[in-house]
Amino acid sequence: MEKRLWDHVQRVRQQSPLVQNITNFVVMNNTANALLAVGASPIMAHADGELTDMVGVCQSLVINIGTLDNQWLESMLQASATAHRSGKPWILDPVGAGATRYRDNAVSRLLALRPTVVRGNASEILALAKANSGATKGVDSRATSGEALDAARYIQQRYGSVVCISGEMDIVVGEGPLVYIRNGDPLMTKVTGLGCSATAIIGAFIAVSSDTVEAVSAAMGLLGVCGELAVAVSAGPGSLQVNLLDKLYNITEEEFVTRVRISHEA
Amino acid sequence: MEKRLWDHVQRVRQQSPLVQNITNFVVMNNTANALLAVGASPIMAHADGELTDMVGVCQSLVINIGTLDNQWLESMLQASATAHRSGKPWILDPVGAGATRYRDNAVSRLLALRPTVVRGNASEILALAKANSGATKGVDSRATSGEALDAARYIQQRYGSVVCISGEMDIVVGEGPLVYIRNGDPLMTKVTGLGCSATAIIGAFIAVSSDTVEAVSAAMGLLGVCGELAVAVSAGPGSLQVNLLDKLYNITEEEFVTRVRISHEA
Amino acid sequence: MEKRLWDHVQRVRQQSPLVQNITNFVVMNNTANALLAVGASPIMAHADGELTDMVGVCQSLVINIGTLDNQWLESMLQASATAHRSGKPWILDPVGAGATRYRDNAVSRLLALRPTVVRGNASEILALAKANSGATKGVDSRATSGEALDAARYIQQRYGSVVCISGEMDIVVGEGPLVYIRNGDPLMTKVTGLGCSATAIIGAFIAVSSDTVEAVSAAMGLLGVCGELAVAVSAGPGSLQVNLLDKLYNITEEEFVTRVRISHEA
């Protein structure tokens with residue numbers, strides 16, 4: 001299995017997919033650098049006059065609502081509708097879902113365009129499900145990991161999306177058995193936007209694979225393993241950000257397969 | 001006194017205040033990372049549809065006019081009005097005040113919402129006072145440090161804001177005696193946006209303290225001391241930016257209290 | 001010749017020109033840091049209410065269309081028209097020209113304002129010429145280096161711009177003999193926005209020199225040499241970005257003149 005995940009890493013390096021991103025201002029630079037480091041080719045564009053063309057030339061699309069406003073939301077909707085129509089894989093990162101009604105409305109509209117993957121933390125996934133299930137159909141407001149899992153299953157069944165709940169342990173929810181990834185380091189939460197990097201890297205991986213659950217698992221495993229290796233040589237979050245990009249670029253198969261901790265639901 | 005300032009540093013680490021930022025595109029990433037490094041929780045949002053909600057859940061607000069335009073100014077006014085109404089501490093960074101009439105008009109409107117703190121360099125503070133004093137009531141156009149101090153006192157008295165004039169020596173102007181902080185290094189001016197980081201860090205400190213002058217002094221002392229320690233291990237401005245984030249994250253009480261150089265007006 | 005190029009580097013350090021930038025969200029931070037590292041003073045502003053004032057106080061203007069939209073395009077047009085009218089040097093970076101019709105229309109409008117310099121890769125320069133030559137007047141759609149050179153000559157003759165085609169070998173196309181610069185390292189393509197940094201650095205160099213071809217050559221040589229020296233001490237693209245800023249700041253005359261590889265058309 002570890003070896004199969006590595007094949008995904010290799011495929012991105014070899015095929016260098018073009019990934020179109022509409023993401024937030026805070027992380028645009030990191031995101032582009034993370035995509036370059038794993039071997040993908042990032043594009044960042046958001047003008048309504050060119051989005052259809054841009055999505056057309058790309059192999060996948062990343063939508064991240066971090067610094068959302070009305071103009072950018074329209075761009076996100078246009079781009080994801082284009083991806084949806086043309087059967088192009090796309091991923092939604094519902095940053096801050098649950099924090100405001102404004103965000104909940106936005107993610108509901110995006111979710112209706114059936115993202116190939118949704119990646120968020122437990123509370124964001126829960127908020128997403130709540131915002132889309134009318135009242136509270138079986139989804140509660142306190143985010144325990146069990147509830148987030150129920151929420152993920154709900155989204156998966158209703159929209160067909162593979163859902164990745166990221167946290168100390170990442171859980172990938174598809175049609176089959178759950179996948180658990182246990183990599184990463186707490187220091188990674190002290191660097192802004194590594195969740196956004198995870199989303200973008202998944203965006204690159206689903207561009208070159210039709211096994212979405214495995215592609216998501218490989219991407220999360222890669223970031224987690226590289227994070228661990230980078231933390232080991234970092235004095236704090238500043239150097240971690242730098243060392244992580246280096247490691248995403250130069251990680252070897254041996255480093256990856258010996259360190260990635262992946263398992264399946266029994 | 002040095003020990004008391006360290007208590008502020010500790011309090012931010014322990015309480016991890018939620019700090020809402022409307023800041024400029026150039027520094028958003030650094031600002032978020034600086035806030036994370038000192039132990040705070042940054043939020044960056046600017047849509048008018050959610051600002052009231054966002055300010056509501058945060059402990060403080062940071063407004064920085066760097067890459068200002070009309071849409072963002074409206075967001076800044078809405079957010080700071082919300083903070084003002086609810087008695088929530090907020091800080092204004094009048095980047096580039098004095099450079100254009102457009103900026104001067106913007107800062108005047110923001111100042112009317114009575115920021116808890118204003119932080120800028122001598123010429124920005126002077127421009128701020130000029131823009132708000134009609135003709136030139138005792139404030140002249142050449143920015144000597146004495147004039148900036150007069151300008152700061154004017155703002156303090158008229159708007160009740162604590163004013164921090166940053167420079168080789170930082171001066172904190174409140175109702176009581178002036179506070180002087182003599183830390184930092186000239187290389188810090190070769191990294192973009194460290195003034196903006198100072199403002200954001202102050203934003204975190206005033207979120208968890210009601211002694212604003214002391215909180216501002218602690219924040220400026222922290223950035224200055226960390227800057228000195230980071231410069232000592234840096235080959236240039238690139239590595240300084242990285243090492244500074246590391247040091248903000250891992251500075252110890254001993255490093256801080258032995259190095260911070262703070263004094264009061266006699 | 002190498003010595004003469006170094007004089008340009010020195011002049012920027014001594015005169016610290018004020019460079020106004022309207023650039024893309026992805027690279028704003030790097031661009032500002034690159035300008036600071038070479039000794040220039042970056043300004044980033046885009047509001048229509050202040051652009052004329054801002055361009056007025058600056059020594060040069062940088063326009064980069066990376067994350068273009070209609071609002072930003074209007075700002076770019078306003079700023080470059082102001083620069084054009086007042087005879088202030090300005091540089092255009094046509095990021096992604098050729099990718100969409102939207103971009104081609106935008107660069108055509110900007111080109112009509114006669115940039116002092118245009119810098120792009122071969123396919124961008126080719127797209128630029130095509131978009132401005134009606135049908136295909138002698139410019140073909142496949143970007144060979146010969147075709148890009150024809151395209152550059154076309155732009156140079158029609159708009160009077162010095163054109164820099166960057167790539168493994170950079171070519172500077174002015175009225176006189178071509179200049180070739182053979183510096184840099186492939187790892188530089190794995191850091192986002194180093195082309196944008198090149199454009200901004202050229203913007204600083206043309207602010208303090210009237211020999212545009214030489215200023216462009218010096219700027220490209222500087223970035224290439226610093227890139228090589230930085231790669232030599234970097235583990236990957238993360239550390240390269242950091243080390244490059246350090247080297248732009250502390251490169252010595254000897255490092256530069258012994259390493260820069262510049263030649264002229266016979």
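All chains are named by letter (A, B, ...) in the order of the sequence lines, taking the proteins before the strands, and each is independently numbered beginning at 1. All figures in this text were calculated on a predicted structure; none of them were measured in a lab.
Residue A:L245 comes nearest to C:G238 through the heavy atom pair CB-CA, 3.7 Å, listed as atom of the first residue, atom of the second, then distance.
Contacts between C:L73 and chain A at a heavy-atom distance below 4.5 Å are absent for every atom of the residue. Both the backbone and the side chain of C:V26 come within less than 4.5 Å of a heavy atom of chain A.
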Short donor-acceptor contacts under 3.5 Å linking chain C with chain A:
residue : atom : partner : partner atom : Å
C:V26   : O    : A:N29   : ND2          : 2.9
C:N30   : OD1  : A:N29   : ND2          : 2.9
C:D69   : OD2  : A:H46   : NE2          : 2.8
C:D69   : OD2  : A:Q71   : NE2          : 3.2
C:T100  : OG1  : A:E50   : OE1          : 2.7
C:R103  : NE   : A:E50   : OE1          : 2.7
C:R103  : NE   : A:E50   : OE2          : 3.3
C:R103  : NH2  : A:E50   : OE2          : 2.6
C:T192  : N    : A:N33   : OD1          : 2.7
C:A235  : O    : A:N250  : ND2          : 2.9
C:G236  : N    : A:D246  : OD1          : 3.3
C:G238  : N    : A:D246  : OD1          : 2.8
C:S239  : N    : A:D246  : OD1          : 2.9
C:S239  : OG   : A:D246  : OD1          : 3.3
C:S239  : OG   : A:D246  : OD2          : 2.6
C:Q241  : OE1  : A:N33   : ND2          : 3.3

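Identified under the salt bridge (charged side-chain N to carboxylate O under 4.0 Å, His left out) test for residues 28-41 of chain C, with sequence neighbours left out: none.
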